[in-house]
Amino acid sequence: RGVPCSDSDELEGRFPAGAWQDWAPYSVACEKAVTAKTWRLRITCPRTLRLPYVRLLDGVRLDNFETKAGFCLRGYEQPHRTMATPDAILRKDEILDVTGRTAPLPAGRWTLLRVGHRWNGMKNGPAPKEAQGPECDKMERSGFACIFSNYTGRLLSRALAGGKLKGLLVDSWECGSQTWTARMPEHFREFAGYDVWGMMPALFGYVIDSVEATEDFLRDWRGNQSRLIEDNYYGEIARQAKAHGLTVQRETAFGDVISGDILRYWKH
């Protein structure tokens, strides 16, 4: 899903390779602002391409920001093309967290970002209807702990308690990307050493202070996502298995569907 910037721009080959569970939009940043009455989008693709919609934005966006914010796993394009002129870049000291704010904002024009979080709608499968339900929160230990106590743990305590259950197999990751958990701001500060609030618009493609500063934040953001899933999902699986004398096998997730450190999570 790309936006052409002018008649002279060529987008061929600019779409990075992505994972098979990539459902996020794809933003193409322009090097300069272009004004036109009519736009034509021509796509040459050797396979069937699903293109539900195209949006043309007049604001600055970081190229391919959906990938860098951890919404999907794709390649990173170089060099970065961002219409980041000095008068269009946001300054961190101009970004306000207005949660619970009752005092009026300073005079001027403001862009208000309303940010919330919800279950991404994915259920486990394939499975019989009685065994289906929302995918667990993989960024908190309580997510898999709940599954274990209500599923495998119940099997261990009943007919299979005589040693017939030898191990756990975590099958393929088919639940898209998780980008948030209720304690995410707390987790991010612990990981990166600074608050997320002043950089929050970067998760939606805005450039803050500079392209380099925005990229640095998004790298920290992905690193925190990776650490949380590594420690609180795969780590919790290993802890529960060890406590009950079970072995663990699993298929790949990091580097296959989601962004993360492939070597670190295999230690579990």
To the nearest 0.5 Å, what is the distance between [atom1] on [X] and [atom2] on [Y]?
X: Leu218; Y: Leu62; atom1: CG; atom2: CG; answer: 6.5 Å
X: Gln178; Y: Ile229; atom1: CD; atom2: CD1; answer: 6.0 Å
X: Tyr26; Y: Asp63; atom1: OH; atom2: CG; answer: 5.5 Å
X: Leu155; Y: Asn150; atom1: CG; atom2: CG; answer: 11.0 Å
X: Asp209; Y: Thr214; atom1: CG; atom2: OG1; answer: 7.0 Å
X: Asn224; Y: Glu190; atom1: CG; atom2: CD; answer: 8.5 Å

Check whether any side-chain heavy atom of [X] lies under 4.5 Å from a side-chain heavy atom of [Y], and answer yes or no.
X: Trp197; Y: Pro185; value: yes
X: Tyr233; Y: Met139; value: no
X: Leu113; Y: Tyr206; value: yes
X: Leu90; Y: Val207; value: no
X: Asp231; Y: His268; value: yes
X: Ile89; Y: Ile208; value: no
X: Asp220; Y: Tyr194; value: yes
X: Leu246; Y: Lys166; value: no

Taking all heavy atoms of [X] and all of [Y], pick out the closest pair and write down the distance.
X: Lys267; Y: Arg264; result: CG-O, 3.0 Å
X: Cys72; Y: Ala24; result: SG-CB, 4.0 Å
X: Ser226; Y: Gly260; result: OG-CA, 3.4 Å
X: Pro25; Y: Tyr53; result: CG-OH, 3.2 Å

Between [X] and [Y], is there a shared hydrophobic cluster once you connect ILVMFWY residues whose side-chain heavy atoms come closer than 4.5 Å?
X: Val170; Y: Trp173; value: yes
X: Met199; Y: Leu112; value: no
X: Phe204; Y: Leu96; value: no

Taking the inter-plane angle between the rings of Trp221 and Phe188 on a 0 to 90° scale, is it parallel (under 30°), tilted (30 to 60°) or perpendicular (over 60°)?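 If you compare the ring of Trp221 with that of Phe188, the planes turn out tilted.
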What class does the angle between the rings of Phe148 and His244 fall in, given that below 30° is parallel, 30 to 60° is tilted and above 60° is perpendicular?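 Correct class here is tilted.
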According to the salt bridge (charged side-chain N to carboxylate O under 4.0 Å, His left out) rule, which pairs have a member within [range], sequence neighbours left out?
range: residues 235-248; value: Glu236-Arg239
range: residues 192-205; value: Arg189-Asp195
range: residues 98-107; value: none
range: residues 126-145; value: Glu135-Lys138, Glu140-Arg183

Set of residues satisfying side-chain hydrogen bond (donor to acceptor under 3.5 Å, both in side chains) with respect to [X], sequence neighbours excluded:
X: Tyr151; value: none
X: Thr67; value: Asn64, Arg74
X: Thr111; value: none
X: Ser149; value: none

Let me have the donor-acceptor pairs involving side chains of residues 248-258, under 3.5 Å, with sequence neighbours excluded, atom names and distances please.
{"from": "Arg250", "atom 1": "NH2", "to": "Tyr265", "atom 2": "O", "distance (Å)": "2.4"}

Using ring pair (Phe, Tyr, Trp, His ring centres under 6.0 Å) as the criterion, list what pairs up with Phe71, not counting sequence neighbours.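 By the ring pair (Phe, Tyr, Trp, His ring centres under 6.0 Å) rule, Phe71 matches no residue at all.
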Hey, mind stepping through Phe144 and Tyr234 against ring pair (Phe, Tyr, Trp, His ring centres under 6.0 Å) and telling me if it holds? CA-CA 9 Å; Phe144 182 76; Tyr234 290 109; 9.5 Å; no
Consider only side-chain N and O atoms of Glu66 and Ser27, and report whether a donor and an acceptor are under 3.5 Å apart.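 Ser27 and Glu66 do have a side-chain donor-acceptor pair below 3.5 Å.
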Assess the residue pair Thr179 and Met184 against the criterion (side-chain contact (heavy atoms from CB on, under 4.5 Å)); give the C-alpha distance rounded to whole Å, side-chain angles, the decisive distance to 0.1 Å, and a yes or no. CA-CA 9 Å; Thr179 58; Met184 194 65 159; over 6 Å; no
Side-chain donor-acceptor distances from residues 115-125 under 3.5 Å, at least two apart:
{"from": "Trp119", "atom 1": "NE1", "to": "Met122", "atom 2": "O", "distance (Å)": "3.0"}
{"from": "Asn120", "atom 1": "OD1", "to": "Met122", "atom 2": "N", "distance (Å)": "3.1"}
{"from": "Asn120", "atom 1": "ND2", "to": "Cys175", "atom 2": "O", "distance (Å)": "3.0"}
{"from": "Asn124", "atom 1": "OD1", "to": "Gly133", "atom 2": "N", "distance (Å)": "2.7"}
{"from": "Asn124", "atom 1": "ND2", "to": "Ala131", "atom 2": "O", "distance (Å)": "2.9"}

Could you walk me through whether Thr181 and His187 pass the side-chain contact (heavy atoms from CB on, under 4.5 Å) check? CA-CA 9 Å; Thr181 189; His187 290 313; 3.9 Å; yes
side-chain contact (heavy atoms from CB on, under 4.5 Å) with Ser210: which residues, sequence neighbours excluded?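 With sequence neighbours excluded, Ser210 shows a side-chain contact (heavy atoms from CB on, under 4.5 Å) to Glu212, Ala213, given in chain and number order.
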Is Ser259 reaching over with its side chain to a backbone N or O of Leu73, donor-acceptor style, under 3.5 angstrom?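 A pair under 3.5 Å: no.
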